[in-house]
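Here's the structure we're looking at; comments come further down.
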Amino acid sequence: MTPSKLTPILSTVSAAALLTGCATYNQGADMDPIADAQAAQDYAPEIPQGTGYFASESALPFHAPDFTQISEADYVPAFEQGMAIQTAEVQAIIDNPAAPSFSNTIVALEQSGAMLGRVARTFFQVTGTNTTDGLDAINTEISPRLSAHGDSITLNPALFARVKAVYDNRAAMAMTVEDARLLETTYDSMVHAGALLTESEREQVKAINTQLSTLTTEFGQLARDAMADQPLIVDTRAELAGLSDADIDAAAAFAAEKGQPGKFAIALQNTTQQPLLPTLENRTTRERLFKLSHDRADGTNAVDTRDLIARIALLRAQKAALFGEADWASYTMYDRMAKQPKTALDFMEQMVPALAATQRREAEMLNAAIRADGGDFTVQPWDWYRYANRIKAEQFDLDEDAVMEYFQLERVLEDGIFEMAKELYGLSFERRSDIPVYHPDVWVYTVFEEDGSELGLFYFDPFQRPSKRGGAWMGNFVDQSDMTGNKPVIYNVLNIPKAAEGEVQLVSFDWVNTAFHEFGHAVHGLFADQRYESLSGTATARDFVEYPSQVHEMWATWPSILSNYAKHYETGETIPAEMIDRIEAASKFNQGYDFGEVVEAALLDMKWHALTPEEAQALVGNPDAVDAFERSSLTDLGLEIDLVPPRYRSTYFNHIFSSPAGYSAGYYSYLWTEMLDRDSRKWFRENGGLTRANGEHYRQTVLSRGGTMDYFQMFENFAGRQPNVQPMLEARGLTDSE
């Protein structure tokens with residue numbers, strides 16, 4: 001997943017409020033350029049100057065943040081100065097006596113907020129990866145203020161009047177494709193924010209936005225606390241039978257860290273299923289671990305986010321109604337590739353019958369395995385992967401632990417991912433020790449083009465820690481822009497359990513795939529080639545941005561790459577080809593769960609955001625109704641959620657509830673972009689696979705285009721055809737085609 005330009009900044013502040021960059025472009029076929037030039041010459045607004053670290057660009061290479069110079073005390077003053085400066089910059093646009101033009105209005109707005117952008121990009125990455133109580137308090141304080149600041153810009157009638165004047169005159173202007181796209185997205189984002197509403201309606205939108213900012217920030221913090229502060233605690237090593245000695249020792253150390261010396265603790269991860277469940281032999285321990293995960297933040301334990309969810313859903317539905325939309329999904333999907341909720345729902349619901357049948361069929365297989373093992377119980381979610389993995393091991397002769405021994409983290413990155421980037425794109429990487437980082441576990445690399453020129457900077461933050469939110473993501477500390485001359489400074493964040501001190505850092509094949517996935521986001525950002533930051537790199541539609549990252553997962557098992565990095569940590573032996581064949585064959589097994597939990601989460605998201613204000617109001621103050629709504633949303637479709645719960649339950653569904661917009665009505669994007677991904681993999685295989693020519697073609701048609709063009713056209717420019725769902729269904733084993 002990638003927050004990129006969409007978060008933390010543009011999801012915290014209303015769209016277009018923090019657009020940064022710079023440009024000067026003469027426009028206006030029907031305007032008087034001499035009069036405009038004279039007016040501009042006479043017009044010299046005073047803009048306040050910032051002080052402190054964030055007042056100017058960093059002096060480090062690539063303007064990377066200098067974390068040795070940043071303290072928690074710097075953030076609030078920097079946010080306040082940044083907002084004040086941008087407010088003055090916007091007022092200067094409004095007060096400009098020259099007639100509205102592309103350069104003095106659209107580009108000037110794009111230029112505004114440079115300081116605010118710098119502090120926000122740094123602050124929200126640090127709070128996501130290495131937060132403290134102090135940073136959390138700042139986040140709680142500053143988020144509603146940022147929301148209000150954004151609204152003061154996007155809902156400013158005088159500013160919109162200038163933007164609209166330029167937009168209405170666009171047919172008479174000579175613009176580049178990117179100029180036209182910037183004008184269109186600026187206008188559309190202001191309309192979407194409420195610029196065409198009445199004054200009373202705009203005030204209601206502002207109030208809703210402020211409340212959403214507060215509530216979603218609280219949700220994110222509570223969901224993180226429910227994960228970080230409620231580990232499974234057991235009394236004896238025997239209860240952890242099946243885990244390695246190193247894992248048990250790590251559990252003992254973690255328990256001591258949590259104030260329970262002599263006991264053993266297992267940290268929760270962000271998804272409903274937990275990675276250690278298949279290995280644990282003690283069924284009671286498995287059940288306890290699963291239920292801690294599944295029940296977190298639903299009132300079963302110390303944290304309860306159910307009323308927060310209902311209030312967030314209500315506010316979103318009320319906001320959509322102000323715009324005349326039936327529901328939040330209809331309102332928020334205006335700039336998506338799919339455009340309409342019905343398109344996304346039809347796309348997913350067509351898979352449900354086959355998926356539900358697969359879930360029931362696989363459950364019977366697991367029950368047979370349980371009986372063969374002497375068990376007198378039927379499969380439950382905490383048993384599912386233990387027995388699914390056993391069947392997988394028997395059918396495909398696949399031992400997950402044995403597979404893991406071929407994947408050392410540093411080799412995965414430097415000999416796998418970086419080698420892929422070299423073969424496909426001609427890139428090379430140099431480890432840096434002179435760039436300050438926000439945590440000692442972060443690695444930094446300079447990225448070079450094939451000709452030796454510098455492309456950008458890449459941070460890699462691989463390990464799980466209590467101060468980091470769950471999941472994996474990519475983003476920018478510095479955005480690429482031809483106008484500023486800035487090159488991209490990119491980060492990838494994972495949550496791999498860290499090996500005990502002195503142990504070899506091995507990773508599961510799932511984490512290998514995730515690392516390749518996140519690096520797909522990274523090259524999407526690194527190859528950005530845009531004039532304007534707000535269209536740069538991964539600043540694309542929510543249901544397109546995951547596509548390039550998913551495609552890059554295919555190279556994890558590409559023979560020339562695999563043989564370079566997948567070496568046994570003890571013997572140095574390359575992973576056997578037949579083991580990879582078994583991994584790929586096994587990938588179609590257990591789709592009832594693997595695919596089902598994702599489809600369920602995506603459908604749950606859409607159901608929450610199809611509520612009318614009246615329907616949402618009925619849930620507020622009624623946690624039991626929230627539970628009932630969540631359950632009926634999926635069981636009414638025929639899905640087996642008692643056997644296969646969604647990947648995220650509502651109560652810890654950070655993607656959709658931890659920011660004012662986030663991935664709300666957008667989690668389907670992972671499935672939608674998988675369709676694009678699987679069809680693209682087919683293209684690569686049909687055209688020679690991992691070659692420089694193919695890499696360059698993909699870079700030029702997709703990875704370097706940012707948000708500058710229609711996404712269906714972008715895909716067609718790459719593949720020579722519109723996307724087809726069939727390769728995805730085949731890859732998931734949901735069709736008889738081979």
Side-chain angles (χ1 to χ4, degrees), residues 3-5 7-9 12 18 20-22 48-86 111 113-139 142 146 429-448 454-463 465 467-468 473-481 483-493 522 525-526 528 533 536-537:
S4 183
K5 296 183 74 64
T7 54
I9 298 173
T12 303
L18 286 179
T20 58
C22 82
Q49 299 299 305
T51 60
Y53 173 78
F54 291 103
S56 58
E57 290 185 314
S58 166
L60 290 181
F62 303 95
H63 305 303
D66 187 348
F67 291 101
T68 66
Q69 302 297 312
I70 302 170
S71 71
E72 289 186 9
D74 293 325
Y75 286 116
V76 171
F79 272 121
E80 291 175 338
Q81 289 180 41
M83 287 187 281
I85 291 170
Q86 188 173 35
Q111 285 181 284
M115 180 178 179
L116 188 52
R118 282 192 292 271
V119 62
R121 282 189 291 267
T122 302
F123 175 79
F124 287 108
Q125 169 61 355
V126 174
T127 56
T129 56
N130 195 32
T131 198
T132 65
D133 289 345
L135 290 173
D136 283 347
I138 294 170
N139 197 357
I142 209 68
L146 285 170
F429 300 80
E430 179 182 300
R431 184 83 173 259
R432 302 289 294 258
S433 59
D434 60 329
I435 303 292
V437 292
Y438 53 85
H439 190 278
D441 286 341
V442 178
W443 310 343
V444 185
Y445 298 83
T446 299
V447 187
F448 296 93
E454 293 179 332
L455 179 61
L457 205 61
F458 174 65
Y459 291 64
F460 186 65
D461 181 358
F463 299 125
R465 51 183 173 266
S467 61
K468 181 190 285 188
W473 66 93
M474 164 270 181
N476 288 51
F477 282 128
V478 179
D479 291 323
Q480 177 274 338
S481 166
M483 290 290 89
T484 63
N486 284 343
K487 296 179 183 294
V489 177
I490 305 291
Y491 51 79
N492 274 178
V493 181
L526 287 165
E533 286 185 11
S536 179

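Inspection of the Asp66 and Ser58 side chains reveals no N or O donor paired with an N or O acceptor under 3.5 Å. Remark: the Glu454 side chain and the Thr446 side chain contain no N/O donor-acceptor pair separated by less than 3.5 Å.
Ile85 and Gly50 make their closest contact through CD1-N, 3.5 Å (heavy atoms, listed as atom of the first residue, atom of the second, distance). Scanning all heavy atoms of the two residues, the minimum distance from Gln69 to Asp74 falls at O-OD2, 3.5 Å. For the pair Pro48 and Ala84, the tightest heavy-atom approach, listed with the atom from each and the gap, is CG-O, 4.2 Å. Between Ser467 and Asn130, the shortest heavy-atom contact is OG-OD1, 2.9 Å. When every heavy atom of Leu455 is checked against every heavy atom of Lys487, the shortest pair comes out as O-CB, 3.6 Å.
Residues Ile435 and Pro61 have side chains in contact (heavy-atom distance under 4.5 Å, counting atoms from C-beta outward). Counting heavy atoms from C-beta on, the side chains of Phe67 and Val126 come closer than 4.5 Å. Using a 4.5 Å cut-off on side-chain heavy atoms (C-beta onward), Arg121 and Asp479 make contact.
A donor-acceptor distance shorter than 3.5 angstrom exists from the side chain of Arg118 to the backbone of Phe54, with no hydrogens or angles considered. Listed for the Arg465 side chain is a donor-acceptor partner under 3.5 Å among the backbone atoms of Thr129. In this structure a side-chain-to-backbone donor-acceptor pair under 3.5 Å is missing from Ser536 to Ser481.
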(request) Please step through side chain to side chain contact (heavy atoms under 4.5 Å, CB included) for the pair Val444 and Leu457, ending with a clear verdict. (result) CA-CA 7 Å; Val444 185; Leu457 205 61; 3.9 Å; yes
(request) Using the side chain to side chain contact (heavy atoms under 4.5 Å, CB included) rule, take Lys468 and Asp461 through it: C-alpha gap first, then chi angles, then the decisive distance, then the call. (result) CA-CA 10 Å; Lys468 181 190 285 188; Asp461 181 358; 3.0 Å; yes
(request) Take Ile142 and Met83 through the test side chain to side chain contact (heavy atoms under 4.5 Å, CB included) and record every step on the way to the result. (result) CA-CA 11 Å; Ile142 209 68; Met83 287 187 281; 4.2 Å; yes
(request) Please step through side chain to side chain contact (heavy atoms under 4.5 Å, CB included) for the pair Gln125 and Val493, ending with a clear verdict. (result) CA-CA 10 Å; Gln125 169 61 355; Val493 181; 3.3 Å; yes
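Atom CZ in Phe79 sits 10.0 Å away from atom CE in Met115 (nearest 0.5 Å). To the nearest 0.5 angstrom, Leu146 atom CG is 8.5 Å from Phe123 atom CZ. Between the OG1 atom of Thr131 and the CG atom of Asp136 there is a distance of 3.5 Å, given to the nearest 0.5 Å. The CD1 atom of Ile490 lies 9.5 Å from the CD atom of Gln480; values are rounded to the nearest 0.5 Å. Between the CD1 atom in Ile138 and the OG1 atom in Thr132 there is a gap of 7.0 Å [rounded to 0.5 Å]. Atom OH of residue Tyr53 and atom OG1 of residue Thr122 lie 6.5 Å apart, to the nearest 0.5 angstrom.
Across Phe477, Trp443, Tyr438, Tyr445, a single residue satisfies ring pair (Phe, Tyr, Trp, His ring centres under 6.0 Å) together with Tyr459, and that is Phe477. When each of Val478, Asn476, Leu526 is paired with Val489, the side chain to side chain contact (heavy atoms under 4.5 Å, CB included) condition holds for Val478 and for no other.
Within a 6.0 Å sphere centred on CG of Asp133, heavy atoms belonging to other residues, nucleotides or ligands number 12 at most.
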